[in-house]
Amino acid sequence: MANTGKVTAMTVPSLDIRGLAVNYELADGTVSAAVSDIDLTIMPGQIHALVGESGAGKTTIGNALMGLLQEPGRIAEGVIRIGGKPVDTRTGRAEGIVPGKDVGAIFQDPMTSLNPLFTVESQLCETMRFHLGLSKRQARERALSLLNAVGIPEPERRLKSYPHQLSGGQRQRVVIAAALCCDPRLIVADEPTTALDVSVQAQILKLIRGLADERGVGVLLVTHNMGVVAEVADHVSIMLKGRIVESGPVDRVLGAPEHPYARALIGAVPRIDVKLDRLLAPSEENPSAAAARRKVRGAAGDEGGGAALDVEDLRVEYGGVPFLPGGKSKAFRAVDGVSFSVKPGEIFGLVGESGCGKTTVANAIAGLVTPTSGGVRLSGEDLASRRRSGARKALQMVFQDPYSALNPRLRIRSALAEPILFYKLAATSAEAAEDAAVLLEAVGLDRSAGDRYPHAFSGGQRQRIAIARALGPRPRFLVCDEPTSSLDVSVQAQILNLLKDLRDVTGMSMLFISHDLAVVRQMCDRIAVMKGGRIVELATSEGLFADPQHPYTRELLSFAPSLDKIARPPAPANGASL
Amino acid sequence: MLSAIASRLSQALLVMLAVTAIAFVMFRYVGDPVAMMSREDATPAEKAELRRSLGLDRPVLVQYGDFVGRVARGQLGVSFRNQRPVVELMAERLPATLELVLVATLLSLSVGVPLGVFCALKPDSAAARAIQTLSLVGISMPTFVTGIGLILLFAVVLRWLPSFGRGDVVSIGGWTTGFLSRSGWASLILPGVTLALYQLTLIMRLVRAEMIDVMSSDYIRFAKARGLPPRYIHFRLALRNALMPVITVTGLQIGSLIAFAIVTETVFQWPGMGLLFIQAVSFADVPVMAAYLLFVGALFVLINMAVDVIYTVVDPRLRTRRA
Amino acid sequence: MSTPISTAAPAPSRRKRGPRVPPSVLVGAALVAVIGAAAAFAPFVAPTNPLDVGTFDLMNAELPPAFMAEGDAHFLLGTDNQGRDLLSAMLYGARVSIAIGGGAVLVAASVGIVLGLLAGYFGGWVDALIMRVGDVILSLPTILLALLVSGVARAVFPEAGTAQWAPVILIGAIAIHEWVQYARTVRAATMVETRKDYVRAARVIGLPSARIMARHILPNVLSPVIVIATINLAAAVLTEATLSFLGVGMPPTYPSLGTLIRIGNEFVFSGIWWIAVFPAALLVVLVLGVNIVGDWLRDWFNPRRQAR
């Protein structure tokens, strides 16, 4: 694309924000500030990352720029210039700029950003025909060259495709092409790779970096992932409660953060390069936690020298029952011959991309799905035959989504007491309630938390409660299925530390499942890498990261966005907390 | 795709099996056919002979198979009430009902869709609120109340429109139509509006709800972020997404329109199948009831298949499965 | 968790706002309450007993409402063709209509909830069986199925049309169609809840299925049921009225609102409009009130709204 105004374009900022504030004016007259005092400058070709934890207000800034602020949000004050063009904010919304022409947008989920009823061609060309006044043929030619530019093979054929015919990565490429099609000065990318697997994420990040460089477009990258920031951004602003607390070049800010919050946030990011005994996390334990934790020490450790858990040639198939007699049976083999064993007191990691079968393995071990074949033995006893007996309590599970992990209609105390009473570990409900209170203390919460319902707690607190519930039956083995992947990074660090502490005190074993290599490295003693329902590599944690054997492991490691590029402060002494 | 068709067909088959089974049970067990067909003073031996000649002594499944065979050949028996073949009776009444349902469907779509879109796009306007409230009144009015109200106003008080019958009909190859005469059209207005009103409010509320859902979807947000004009987003993009479920519902509603036609036809003495059916119900005229049931079942299956075909045409996700 | 790092700014307006009930809903609820109370206490409120044949006099037949010239102050809304006080007949009729509608909703909801829970929780052939039966039933419109049931009932059971048995037949005829809607909704909600981690956790603990369904899933799938039950009450009252209007519902000796309208319909052309119009108005107002409340409940329980 010929860019005639290149000289001026390179000196005028793509985005210049001074003193932006966005308020939500509620029906009862109260005004809450979503973001305030925002200053931000992005030069052409620069990628500026906006990071922060959920609720920090980063998405609000992006929406304000694209004119997508949700009611009752309005721009209260501030000066915005996009590519030198002033934005009229007097009405509370961004006016005077043309979304799509002056600002391009990339959304989080490529599966839902494209309209399922229209072809790629129609969705790419409509924007150009409206904004650039191109004819059908001209728009089509330009769409072709755009698809080429974003790396979609066979663009001719792809133009005629519907979104459902493309993979997630291809759809995100189409979304990027749509964002670029009118040569905007600025692109707002809101979590553009969060919904993608790491390998696709790496490609999309590379594409965005390349496009910024080649086309001189400024990119505002909204993300919660520090690894992504380190990977592609030039500048970064860290947000807390609607304000930018620290801003500067990525190397400087990530390498030597000044603001205490920035230091804490970056410190809490699990490192992939070196294993620490504990993650840096703000301590929130009350003094009774350690004492309570000793009380929950259960039956663990009474086994002989054998393995805590044996999984032998596990296979799980889904579907396969034909609807009509004679119909084709299409069984999907989610787990295809997986074997491993976990030693007593060990944390065993299972990593892989989405769809690799790791969660199915966890479900099969916990008895949530019935294996097609193969065996699972807990301390030498076949779990299948023990299903009906009370001995099932020896294995418990912690799940991914803390928001759905607790029954919203049950008080915390009842939720914790239920398994205790069910397994007859307490004689009376008063005893069970006391047990529940001890469990709450053990996971770092107050005893009084039992009186409340789940909605009164944050995501991290809910995950603590879910862990407490799993500890109730005094299990010897804990299955953790992505226990921190829906949590903010600082909360993640706290939960990971808690799990480690619990293992140390109770001596129980764990199966720890995650897609995040850095988290697995921090948590696990040994790690198995899964792909397509099989284990492709199994090694000690140190061995796997130091010297990966299987090509797929090497690929995963190379794709994982990490902070390694940035010179970081030396690892602090073990067990440190802020 | 093949498995989708197979599952559709099997469901259609299931519906037809169930409907014929109900119809069979009605024929066989509701009202003893022997008692109905034999003379008052028949001896037990004569009754047994009749039972054998009717095949009623054979296994139930054989009788059912026989029944299905007869249904497939169009032999639906003779009406108890007026001693004429049921098929003949139904065929006479079919055009009246179908014309009424057609008019009502077109009316409810052509008014309901635009109103729904309007209410979704301008949810806070006074007009939209008024329509929304009126629509609640609409679904709260039973068809017969609407009909009586319209008759009172337009036939009794104002004397503008006829309140019963079809007016003058023209017969074209056995199909009697009211579309070709002035009085035919005049007679159609009140029953047509009566029948359409309830469906109209349903469609309006459905379109509104779907449109609001679609407008908050990611792909419409993305279209807004690309700066496309609102008119284009509303009518070219969002409306198309919003109308997809309307196809299904309209299809299903045609079935219930036929059913509601029973009420409308009663109120307006419209000589259609509904009137025939309701008379059959009050006289326990089993063959007519069973035949009507079979007809509605078959119609439902046909409409469902038509909806599926339309869906595969308009929804690319069904049309093209492979990348 | 009182450290600065973990307390991110709360998203604005995430919490559900307190129930602010719009005036139209209050009016709707009030209408339902007044009509419901008047119907429930009809024997005490109504001027006469319309079920007692001894009390009415054919001499009084077809009197217009009291406010019209020939009206009689004793009969506020006039009389019907048998000389019954129309207001009393309407109050007793509303009682019958509400009782049958409510009964049908109760039966349909109980059956639907249980079957929906089973289908959603167990899946597989249990689900397939329940849902296929539901599909077949839904392929027949409510009114047709109800007509068939009452028609067949009348054919095999001559008592079916009597005041004693007609309500039972009507409740069955309406509920046989309506349970499917509850079952479908509860099934869908149950499938969502079953996949949630708190149910999976309960299964890992090893709780029996019946207990998981009753204690964990049921309370979390009930809110859509409340909405459907409200809207369905309106629909059931309408269906009952329609059946009675068509002559296969309540007999004229024990009339529901629909029966009264049926009687009145024969007199519409002779200018005696009140016998049809007053019961019809009461029916529409009652159903409208229920629908207004149901509509608001539906918006209120809409998960999208709560998420915002």
*Asks:* Can you name the nearest heavy-atom pair linking B/Phe222 to A/Ser113, along with the distance?
*Replies:* CD2-O, 3.3 Å

*Asks:* Measuring only between side-chain heavy atoms, which start at C-beta, is B/Asp218 closer than 4.5 Å to A/Gln108?
*Replies:* no

*Asks:* Rounded to the nearest 0.5 Å, how far does CG of A/Asn115 lie from CG of B/Leu237?
*Replies:* 6.0 Å

*Asks:* Closer than 4.0 angstrom, basic N to acidic O: yes or no for A/Glu126 and B/Arg236?
*Replies:* no

*Asks:* Can you tell me how far the CG atom of A/Asn63 sits from the CZ atom of B/Arg221, to the nearest 0.5 Å?
*Replies:* 5.5 Å

*Asks:* Please determine if B/Arg240 forms a cation-pi arrangement with A/Phe118, meaning its NZ or CZ atom is less than 6.0 Å from the six-membered ring centre and no more than 45° off the ring axis.
*Replies:* yes

*Asks:* Is A/Thr127 in contact with chain B via its backbone, its side chain, both, or neither, using a 4.5 Å heavy-atom distance?
*Replies:* both

*Asks:* Is there a donor-acceptor pair under 3.5 Å between the side chain of B/Arg226 and the backbone N or O of A/Gln123?
*Replies:* yes

*Asks:* Heavy-atom distances under 4.5 Å only: say whether A/Val188 touches chain B with side chain, backbone, both or neither.
*Replies:* neither

*Asks:* Which distance, rounded to the nearest 0.5 Å, do you find between the CG of A/Leu117 and the CG of B/Leu243?
*Replies:* 10.0 Å

*Asks:* Just to verify, what does A/Gln138 make a side-chain hydrogen bond (donor to acceptor under 3.5 Å, both in side chains) with, not counting sequence neighbours?
*Replies:* A/Ser135

*Asks:* Do the non-hydrogen side-chain atoms of B/Asn241 and A/Pro116 ever get within less than 4.5 Å of each other?
*Replies:* yes

*Asks:* For chain B, find which of A/Asp109, A/Val103, A/Val175 contributes the most heavy-atom pairs closer than 4.5 angstrom.
*Replies:* A/Val175

*Asks:* Would you say that B/Tyr219 contacts A/Leu114 through its side chain, given a criterion of any heavy-atom pair below 4.5 Å between the two side chains?
*Replies:* no

